Visitor: 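This is the structure I have questions about; it appears just below.
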Amino acid sequence: MNTYLQLLIASTASRVNKSGLPGPIPINQSPFDENLFSEDMKLKSPLDVPNPMRYLVVPSQETEIWKEYLDSKEWLERKYSIEIEGEKRAIPLSELFPLNLPTNLSEFEIIEKNAPEISPNDYLGHLKKEIGDVNYNKFKRFWPQSFDLIGELVIVKIEKEVEKFTKEISHSMISHNKRVSRVFRDLGVHGNFRVRKLELIGGSKNLGGATKVKENGVEFNVDPTKGYYSPRLATERLDTLECAIYLKTKLERKLNICDPYAGFGPALMPLIKEKGLVNYILANDLNPEVTTILEENLITNNKENVAIEIKCKDARKLIENPKNIGLFDLLLVNLPHSTIEHLPLLVGLLNNNSTAILRAWSIIDSEKIKQMEDDIKKLFDSLKYPISNIIVEPTRSYSPTQVYTKIEIWTNESS
Ligand SMILES: C[S@@+](CC[C@H](N)C(=O)[O-])C[C@H]1O[C@@H](n2cnc3c(N)ncnc32)[C@H](O)[C@@H]1O
């Protein structure tokens, strides 16, 4: 080994990558990561590397040393691998590598060759490959920058300017993520049940909209073509679990829980799985297509043998059954556009003899939050439920004037 090489080894050995972390430099998160609900996610632009590529040809036994050296100068093209070049090795060079060979590398040869195809790192990269640079750049600002990933499904809004590329968009999404079996175009929310109108634009035609999702460690079935489901509330549902565990400890007994707008049951899944937490669950939803799946989900995940009742009626009628009055320690109300309107006929389901919790979610004009809090206090007062703690907290914006708000009320806490 020559002296220069020895010096080089000493200098590169102490180098760390630019991230300051050992090991490879972290890359950005893939847009198709498990359970990513990607509405807020911005995609990176597709991968662009020069072709043909330049390679530095070095003796094979010195490959690692020169690779590290090039990397330390940001001259290594990390997206490609080192190629065999006869007895030697060809190291791919980044665009930052000088046009004139630096003197310390003058003993080596530079070759140009077509780099092997590499897979784009997001769906836009696949799309660009599929429709060509000209079309891609022409419509650049209209390509969907975000989408929902629900189990095996992608749900995406497509602007009318790029409607003619619907097939290519869906095809690129499937090419990018092998887990995706169907792509649906989102045509907006419809009807009383606020179900999305979804048009299948790619993938298997005979599977419908059914898919399995995994949330907070629990697997269950959903079908966004039949009912509402959003993974976005997954952390809220974990908070519900935390509240429930705390309440159970306080009451020193298992809980009775009511979810009158249960959907496919995502809020109930972690509760039912928690050892020794739940005594009885009343799960209700007015949409019969949803309750069929809800029932399957509850039965499959009921390893703790919790007593379960599933109803398919207007939630405001649950109170008409005397058995339900004052029965529940935890009540969930997730009908964001009508929560406040329905509340007067739901509060009576709460147990008024010991501490009970209402967790609700509402969409409201940001200017009316204080008013809403006052109205809720008045309602509980009129129904003789003593509030010990109330939290009304905007969590994110829903529209330019409205916010999505979490409401949590604790009653009878001193008992
Ligand atoms: C926003 S979704 C919430 C679903 C579920 N809790 C979740 O977090 O994914 C509201 C659900 O309430 C149901 N629904 C609408 N009006 C209802 C009513 N009057 N009584 C009972 N359920 C109703 C809808 O079918 C829908 O599944």
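No hydrogens, no waters, no symmetry mates; every other heavy atom, side chains included, goes into these values. Remember, predicted model here, so these are calculated numbers, not experimental data. Read the numbers this way: they start at 1 and go in the same order the structure lists the ligands and their atoms.
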Visitor: I'd like the contact residues of ligand 1, where contact means a heavy atom below 4.0 Å.
Guide: F193, Y228, R237, P260, Y261, A262, G263, P266, N284, D285, L286, N287, K313, D314, A315, N334, L335, P336, H342
Visitor: Would you give the length of the straight line joining atom CG of D148 to atom CD1 of I155, rounded to the nearest 0.5 angstrom?
Guide: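 Going from CG on D148 over to CD1 on I155, the span is 5.5 Å.
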Visitor: Taking the inter-plane angle between the rings of F328 and Y280 on a 0 to 90° scale, is it parallel (under 30°), tilted (30 to 60°) or perpendicular (over 60°)?
Guide: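 The rings of F328 and Y280 lie parallel, inter-plane angle below 30°.
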Visitor: Holding to side-chain contact (heavy atoms from CB on, under 4.5 Å), I want the full list of residues that pass it with A262, two or more places apart in sequence or in another chain.
Guide: D259, L268, A283, L294
Visitor: With a cut-off of 3.5 Å and sequence neighbours excluded, list every side-chain donor-acceptor pair involving residues 238-247.
Guide:
unit_1	atom_1	unit_2	atom_2	d
T240	OG1	E236	O	3.1
T240	OG1	R359	NE	2.8
T240	OG1	R359	NH2	3.4

Visitor: Establish, from distance only, whether the side-chain atoms of Y229 and E215 form a donor-acceptor pair under 3.5 Å.
Guide: yes
Visitor: H171: what forms a ring-ring contact (aromatic ring centres under 6.0 Å, His included) with it, not counting sequence neighbours?
Guide: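 Testing H171 for ring-ring contact (aromatic ring centres under 6.0 Å, His included), a comparison that skips the adjacent residues, returns none.
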